[in-house]
There are 2 protein chains.
Amino acid sequence: MATGRTHRPATRSRGIPEATVARLPLYLRALTALSERSVPTVSSEELAAAAGVNSAKLRKDFSYLGSYGTRGVGYDVEYLVYQISRELGLTQDWPVVIVGIGNLGAALANYGGFASRGFRVAALIDADPGMAGKPVAGIPVQHTDDLEKIIQDNGVSIGVIATPAGAAQQVCDRLVAAGVTSILNFAPTVLTVPDGVDVRKVDLSIELQILAFHEQRKAGEETAAGDGAHPAAARDASSADQGPDGDVPAVMPA
Amino acid sequence: MATGRTHRPATRSRGIPEATVARLPLYLRALTALSERSVPTVSSEELAAAAGVNSAKLRKDFSYLGSYGTRGVGYDVEYLVYQISRELGLTQDWPVVIVGIGNLGAALANYGGFASRGFRVAALIDADPGMAGKPVAGIPVQHTDDLEKIIQDNGVSIGVIATPAGAAQQVCDRLVAAGVTSILNFAPTVLTVPDGVDVRKVDLSIELQILAFHEQRKAGEETAAGDGAHPAAARDASSADQGPDGDVPAVMPA
DNA sequence: ATGTCTTTGTGAACGCGTGCACAAAGATGG
DNA sequence: CCATCTTTGTGCACGCGTTCACAAAGACAT
């Protein structure tokens with residue numbers, strides 16, 4: 001593997017930090033917006049502001065991908081879009097199945113964010129026989145009985161679970177047995193999966209509870225006045241200015 | 001320019017680590033399930049298994065709340081449910097507004113997880129005049145014009161944004177100006193908010209992209225070892241995969 | 001070519017989160 | 001009451017992620 005003086009440092013060896021991977025989609029989105037505005041290059045400072053992160057962090061993140069910047073100039077937008085897309089595996093098409101076509105599942109099926117980047121809704125699956133054949137977002141819903149066949153026929157490796165909590169683990173087991181190795185779980189349950197299967201969870205209730213914690217803490221800190229009502233935040237919120245989005249100062253949310 | 005960041009130790013008073021706060025809802029859910037089964041006590045080992053975390057981590061998490069366990073026995077389920085609920089601020093009722101009643105907003109309005117734990121959907125708000133008055137999940141949709149009045153009349157401090165990306169920042173600004181200090185953002189945009197306002201984001205597209213990254217990595221590792229261990233991974237669509245190191249024939253900055 | 005200026009890439013320090021391992025504490029049985 | 005057993009609570013070490021600060025690298029002007 002001795003390539004002599006390679007242009008590329010060995011940082012590429014193995015393993016981009018997980019925290020970096022989680023931010024790459026954020027950078028990609030900001031870069032795509034710049035690309036659509038035909039911006040040729042961008043500095044780490046500008047891009048970091050657009051993505052809402054620290055510029056040093058952004059540079060370090062990119063350093064794991066390779067040296068794709070030009071000192072004194074910045075990053076080539078188009079080139080970086082391609083590199084990040086490739087790193088994330090978005091240059092190929094990922095067929096996805098959504099299981100559980102209730103309110104949430106239907107909303108996900110209609111969500112435009114899927115098709116926009118490499119993801120394609122291959123099938124919608126629901127346990128209700130009455131749903132079978134009924135089109136949602138232009139795709140006919142299929143019955144759970146055919147889950148394994150659908151997975152295999154379409155080569156699906158990513159599954160989205162939007163079922164009630166009680167059915168989630170069972171659906172998960174069937175998905176995994178059929179060959180799915182990545183699961184995005186919207187059901188409020190802890191899924192147990194074998195090694196080699198990735199699970200990410202999106203839990204609305206948990207997010208709200210975390211917000212409530214901070215909200216309570218904020219309310220508790222202002223105990224100077226024994227208010228009986230809710231403090232309607234009469235703080236110095238001078239942020240109502242909504243100019244045309246030029247260069248906004250980056251405020252880093254905690 | 002001196003940085004305006006005065007090193008304020010306000011949040012460091014008696015802070016529970018953020019990572020712990022994020023897990024408390026998980027524990028609470030597991031404990032609630034035990035409570036419904038009338039289980040009187042639970043050990044850290046059992047509860048950790050139910051929540052899908054390490055038992056040492058769970059004990060350390062609880063140690064930030066206080067010594068609520070009994071050595072040799074475990075934790076009293078009911079008592080712990082109450083303590084965590086109180087810590088998270090769930091013993092009070094949090095009115096929540098949902099802005100943007102499209103597919104996702106409607107799904108959120110119908111989501112049972114809100115009402116189940118201290119959260120109450122106080123209002124649904126949409127910019128479409130045609131939606132006004134139309135009931136969704138039993139709640140009539142109100143127009144954006146009345147946003148400020150709705151917030152203040154109901155003492156809302158938590159807002160959920162489910163609008164298209166283009167409208168999110170504007171809605172966010174109005175929410176914050178009206179007194180909202182916690183925002184759950186479903187729009188694929190980076191929100192800029194003043195200090196003191198918490199923002200949590202839920203981004204389906206980002207989650208999928210993170211899964212795709214790991215999926216690609218898993219697929220790439222298979223080529224090294226000729227295993228074929230994956231049952232239904234006969235799919236080999238990515239025949240044109242350049243090596244992870246390949247210089248691609250793309251635009252290269254001069 | 002040379003100097004200056006801008007911006008990247010990264011070494012190093014620091015803080016946070018995690019998990020081990022064990023002493024302390026209390027229950028339980030004799 | 002004492003011994004033993006179970007389980008908590010936590011000190012400690014380690015690794016990851018973040019941030020600072022700066023040298024290196026290249027663009028650009030002269």
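Predicted model only: the values in this text are computed from it and were never measured. Proteins get letters first, then strands, A, B, ... in listed order; numbering begins at 1 in each. Values reported hereafter were calculated over all heavy atoms of this structure, with side chains retained and with hydrogens, waters and symmetry mates removed.
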* Side-chain contact, heavy-atom cut-off 4.5 Å: B:Q83 with B:L65? -> no
* Structure fact -> Residues in residues 56-76 of chain B with a heavy atom under 4.0 Å of DNA chain D, by number, are B:R59, B:K60, B:S63, B:S67, B:Y68, B:G69, B:T70, B:R71, B:G72, B:V73, B:G74, B:Y75
* Using only side-chain N and O atoms of B:S43, determine if any of them is under 4.0 Å from OP1 or OP2 of D:dT7. => no
* Return yes if some donor-acceptor pair links the side-chain N/O of B:E45 with the main-chain N/O of B:S55 below 3.5 Å, else return no. => no
* Where do B:T32 and B:E36 land on the side-chain hydrogen bond (donor to acceptor under 3.5 Å, both in side chains) test, with the steps shown first? -> CA-CA 6 Å; B:T32 303; B:E36 287 170 357; over 6 Å; no
* Can you tell if the side chain of A:Q209 reaches within under 4.5 Å of the side chain of B:L90, non-hydrogen atoms only? -> yes
* With side chains defined as the heavy atoms from C-beta onward, is the minimum distance between B:Y27 and B:L80 less than 4.5 Å? -> no
* Asked: Looking at A:N54, does any N or O in its side chain come under 4.0 Å of the phosphate oxygens OP1/OP2 on D:dG17?
  -> no
* Residues touching DNA chain D, which here means a heavy atom under 4.0 Å, drawn from residues 18-42 of chain B -> none
* To do: Whole angstrom is fine here: how far is it from CD in B:E45 over to C1' in C:dA21?
  => 14 Å
* Asked: Is any NZ, NE, NH1 or NH2 atom of the basic residue among A:D198 and B:R217 found under 4.0 Å from an Asp or Glu carboxylate oxygen of the other?
  -> no
* Do A:R23 and A:T20 come close enough that some side-chain heavy atom pair is under 4.5 Å? -> yes
* Report the C-alpha separation of B:Y68 and B:F62 in whole Å, then their side-chain angles, then the decisive distance to 0.1 Å, and conclude whether the side-chain contact (heavy atoms from CB on, under 4.5 Å) test is met. => CA-CA 8 Å; B:Y68 293 149; B:F62 286 173; over 6 Å; no
